[in-house]
Amino acid sequence: MATFIVLLGPPGVGKGTQARILADAKKIAHISSGDLFRENIKNQTELGKHARSFIDKGELVPDDVTIGMIRERLSRPDCIPGAILDGFPRTPVQAVALEKMLAEFNGEVSVVPYITAPESVVVGRISGRWTCRLNGHVFHHMFNPPIKAGICDIDGSELYQRKDDEVETVTIRIRVYLEQTIPLVEYYRKSGKLIEINGAQSVEQVSKDLCAAVNI
Ligand code: AMP
């Protein structure tokens, strides 16, 4: 049976960075709902235009759009052995939809690492964050600066600050997280699959703890 890892944690805790490291180590696909939306926005698809109005305000994109987008992604051949899910599910309704989809694809959620950090830490990380236009690689002006300012070390594309990383929008995203995603944490805690990881450490230490938690 294919095994899927759901990464949970507040905005800015480093889920994207850790998901990439883990996907490389486990040699399985990395599915980031935020990256999929940003790709659709960049390509000016109908889905992207619709999603943008929610994303720019820091709100969640409606479930039908989000679940449909993830279903399409999960149906691609690179997900047959499993995948790391980063940013989806974000609500208990999405988690139930995920279980149904995975049952169709002969898979299940095996473990749910929950990366935590105090609000002051995540706000500081988001405000210094620079994202690459081509592939969504993430840098931080203090904790993980690019070799050349404004340029991605990995693919050479331009680095930009996400509009939803502006202070006012971050406050809304954290509120949305507390209201809509914390119930999901409790949902997975009850299922016995949740493993808490201290995200207020270096990238290397978090990824060591994460690899140990998922048995790599
Ligand atoms: P992220 O890159 O995970 O921080 O996601 C950026 C934005 O995309 C979020 O603030 C939401 O507006 C939207 N988004 C990402 N994943 C989801 C999801 N599972 N459900 C609804 N909206 C989402």
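This chain uses plain numbering: 1 for the first residue, then up along the sequence. Order of listing sets the numbers, starting from 1, for every ligand and every atom in it.
- P113 approaches V214 most closely through the heavy-atom pair CG-CG1, 3.9 Å.
- Polar contact with ligand 1: absent for D35 (N/O pair, distance under 3.5 Å).
- At the shortest separation from atom 16 (N) of ligand 1 among protein heavy atoms lies S33 OG, 2.7 Å.
- The pair E166-R173 fails the salt-bridge criterion, with no side-chain N (NZ, NE, NH1 or NH2) lying under 4.0 Å from an Asp/Glu carboxylate O.
- Under a cut-off of 6.0 angstrom, the local environment of CZ in R162 is crowded, with over 12 non-hydrogen atoms contributed by other residues, nucleotides or ligands.
- Below 4.0 Å from some heavy atom of T66 lie the following atoms of ligand 1, by number and element: 18 (C), 19 (N), 20 (N), 21 (C).
- For the pair P146 and I151, the tightest heavy-atom approach, listed with the atom from each and the gap, is CB-O, 3.4 Å.
- Among protein heavy atoms, the minimum distance from atom 22 (N) of ligand 1 is reached at V61 N, 3.0 Å.
- Atom 20 (N) of ligand 1 has its closest protein heavy atom at Q94 NE2, 3.0 Å.
- Judged by distance alone, the side chains of T45 and N40 do bring a donor and an acceptor atom under 3.5 Å apart.
- Taking any N or O of G87, backbone or side chain, at least one lies under 3.5 Å from an N or O belonging to ligand 1.
- Contacts between D164 and ligand 1 below 4.0 angstrom, taking non-hydrogen atoms only, involve the side chain exclusively.
- Of the protein's heavy atoms, R90 NH2, 3.8 Å lies nearest to atom 9 (C) of ligand 1.
- Nearest non-hydrogen protein atom to atom 14 (N) of ligand 1 is F37 CE1, 3.6 Å.
- Considering E59, R38, Q180, R173 only, the shortest heavy-atom separation from atom 12 (O) of ligand 1 involves E59.
- A salt bridge links E46 to K49: at least one charged side-chain nitrogen sits closer than 4.0 Å to a carboxylate oxygen.
- The heavy-atom pair separating V122 from P10 by the smallest distance is CG1-CG, 4.0 Å.
- Below 4.0 Å from some heavy atom of R162 lie the following atoms of ligand 1, by number and element: 1 (P), 2 (O), 4 (O), 6 (C).
- Of the N or O atoms in L60, none lie within a sub-3.5 Å distance of an N or O in ligand 1.
- Between R73 and D35 no salt bridge is recorded (no basic side-chain N to carboxylate O distance below 4.0 Å).
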